[in-house]
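Scope of the values below: all heavy atoms of this structure, side chains included, with no hydrogens, waters or symmetry mates. Nothing fancy with the numbering, it's 1 onward along the sequence.
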Amino acid sequence: MKKLLLTSNAAAKEVLQILQDEIVVKLKSVGKSDDAWMVVQTQNHDAEDSLLKWGEHLGVKSILQIAFFQGAGRGMVASESIGVGEIALEIPESLIISDELLCQSEVFLALKDFNSITSETMLLLWSMRERYNLASKFKPYFDTLPANFNTGLSFGIDGLAALEGTLLFDEIMQAKQHLRQQYDELFPLLCTNFPEIFRKDVCTWDNFLWACELWYSNSMMVVLSSGKLSTCLVPVAGLLNHSVSPHILNYGRVDEATKSLKFPLSRPCDAGEQCFLSYGKHPGSHLVTFYGFLPRGDNPYDVIPLDLDTSADDEDGTAQSVTTSQTTHMVRGTWLSRSGGFPTYGLPQPLLSHLRAALGCDIDESTTEADIKENDKVVLETILSIFNPMLEALPEQDDSHREGASWDVKLSLDYKDLQRKIISSIVTSCTSALENF
Ligand SMILES: C[S@@+](CC[C@H](N)C(=O)[O-])C[C@H]1O[C@@H](n2cnc3c(N)ncnc32)[C@H](O)[C@@H]1O
């Protein structure tokens, strides 16, 4: 808009100015209700202050400060009001931890001929060691990293038990099993082959898991100046928390001219307000597993996946030629539905079309209103027959389960509440639609 305003003629300028003002008003209203985070005053900032000083010394430019937030650890706050398009943070490429940096490390030199080890795994092993390297160039960065990440991968027995029966339980178990298998393939083999580099006391399962959680919860995809897309750790920027209505959305390419990674704002951030990044379009289950939190506010990527099997006769109609196909539909909370026009009851149109076809309730221009209602009754009853048992399997928990519960149990209960909220909105939408028929 700013560029257009500079180059347009007077008549167009007037219209563009009105449009820009309207957009700015809309942007300012986004996420306001989610921004009211409580700042915790009583934390020791020494390590974080050293990190900022170290960063500034090496070329970091920032109009953000570090603060502590209840339930989210550290986060970054605007020290002055920052407008759309302004750069909140700029990190020199030389401070980015990527596989390009790895090439100069001992870990790389030792493992480069092990062709089964990917550069991601090498980076993981590098960070596991670097955490304990007193002479590391990145010491101020490693010094500020949490001792425990508390992601889903660290859930204890009680946290997992509280998730039993949910898809998240399977997701976490599979992810953990995969990591354990990876660890067992690497160790003790590497300690035996390279005892100087991979010390037994450093290469423990706990330290390996810590490094995995570091990369899952703190890495970003960055296009480096070489043009290569790499998974990277970005000191200082790694302190930005995530929101479903973030201020920073468009980042991830090192600026050729300045050789730095810039974080421009897509919506304004007032002085003193927490400045949020988008970690990507992740559902709550992914955020719990790999980041250890559920965001505030409505997450449009929270869905209940529905696998539907369809058996259909082939065109020749012979009983022998039956094809089966499986489609997966993602169903969101019906309160998030924005669709107008043809009734969707807050449900995704592809799911309704799929069920209408599968149940022989197809609608075209010639279908009468009475037939549409009769057909939709069958479709809605089918949806209820799927979601009602899901709701029954998630009974409401009273608050006594939360009192004194550990962080993982609380997170599991929050996740189940969220699932229940989505499923119950689907059940309520279908039920009230049927009542109105
Ligand atoms: C990239 S780090 C951000 C800095 C982090 N808060 C810290 O103190 O190190 C990602 C981690 O921050 C936390 N986090 C990020 N966004 C959050 C949010 N909206 N609510 C709660 N925790 C959040 C989670 O623990 C997540 O794994």
With ring centroids as reference points, do [X] and [Y] lie under 6.0 angstrom apart?
| X | Y | answer |
| --- | --- | --- |
| H45 | F68 | yes |
| F187 | Y183 | yes |
| Y279 | Y291 | yes |
| W407 | F155 | yes |

What is the minimum heavy-atom distance between [X] and [Y], and which atoms define it?
| X | Y | result |
| --- | --- | --- |
| H242 | F276 | O-CD2, 3.5 Å |
| Y415 | G284 | CE1-C, 4.5 Å |
| S127 | L214 | CB-CD2, 4.1 Å |
| S278 | L249 | CB-CD2, 3.9 Å |
| M122 | F108 | SD-CD1, 3.7 Å |

inquiry  = Please determine whether side chain to side chain contact (heavy atoms under 4.5 Å, CB included) holds for the pair I386 and I426, giving the CA-CA distance in whole Å, both sets of side-chain angles, and the decisive distance to 0.1 Å.
reply    = CA-CA 10 Å; I386 301 170; I426 297 163; over 6 Å; no
For residues [X] and [Y], is any side-chain donor paired with an opposing acceptor at under 3.5 Å?
| X | Y | answer |
| --- | --- | --- |
| S230 | D99 | yes |
| E90 | S260 | yes |
| T204 | D206 | no |
| E93 | S225 | yes |
| Q17 | D21 | yes |
| T151 | E213 | yes |
| H354 | T327 | yes |
| T121 | Q182 | yes |
| H247 | E273 | yes |
| W215 | T231 | no |

Heavy-atom side-chain proximity of [X] to [Y] below 4.5 angstrom:
| X | Y | value |
| --- | --- | --- |
| C275 | L265 | yes |
| L233 | Y141 | yes |
| V254 | K262 | no |
| V244 | H282 | no |
| T334 | Y345 | no |
| F293 | V288 | no |
| I91 | V236 | yes |
| E56 | S62 | no |

Lys/Arg-Asp/Glu bridge criterion (N-O < 4.0 Å) met for [X], [Y]:
| X | Y | value |
| --- | --- | --- |
| R180 | D184 | yes |
| R420 | D417 | yes |
| D414 | R402 | yes |

State whether the number of non-hydrogen atoms from other residues, nucleotides or ligands found under 6.0 Å of [X] atom [atom1] is greater than 12.
| X | atom1 | result |
| --- | --- | --- |
| I157 | CD1 | no |
| K61 | NZ | no |
| K228 | NZ | yes |
| K137 | NZ | yes |
| K259 | NZ | yes |
| L167 | CG | no |

Sole candidate of L380, L355, V379 that passes side-chain contact (heavy atoms from CB on, under 4.5 Å) when paired with L347 =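 Single side-chain contact (heavy atoms from CB on, under 4.5 Å) partner of L347 among L380, L355, V379: L380.
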task = Would you check, one step at a time, whether the test side chain to side chain donor-acceptor pair (under 3.5 Å) holds for N148 with W210?
result = CA-CA 7 Å; N148 301 301; W210 179 90; over 6 Å; no
For [Y], does its backbone N or O pair with a side-chain atom of [X] as donor and acceptor, under 3.5 Å?
| X | Y | answer |
| --- | --- | --- |
| S81 | A271 | yes |
| N299 | P295 | no |
| T144 | E48 | no |

Hey, what do you get for [atom1] ([X]) to [atom2] ([Y]), rounding to the nearest 0.5 Å?
| X | Y | atom1 | atom2 | result |
| --- | --- | --- | --- | --- |
| F149 | C212 | CZ | SG | 11.0 Å |
| L224 | L229 | CG | CG | 8.0 Å |
| T166 | L418 | OG1 | CG | 11.5 Å |
| L64 | I82 | CG | CD1 | 5.0 Å |
| N218 | C232 | CG | SG | 12.5 Å |
| L160 | D408 | CG | CG | 7.5 Å |

message = If you apply the rule side chain to side chain contact (heavy atoms under 4.5 Å, CB included), what do you find for F198 with L186, and how did you get there?
response = CA-CA 10 Å; F198 297 106; L186 295 167; over 6 Å; no
message = For a side chain to side chain donor-acceptor pair (under 3.5 Å) check, start with the C-alpha distance between E130 and S136, then their side-chain angles and the critical distance, and finish with the verdict.
response = CA-CA 7 Å; E130 201 68 4; S136 169; 2.7 Å; yes
query = When you measure from the centre of the six-membered ring of W335, is the NZ or CZ of K421 under 6.0 Å away and within 45° of the axis?
reply =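 Judged by the rule (NZ or CZ under 6.0 Å from the ring centre, within 45° of its axis), K421 counts as positioned above W335.
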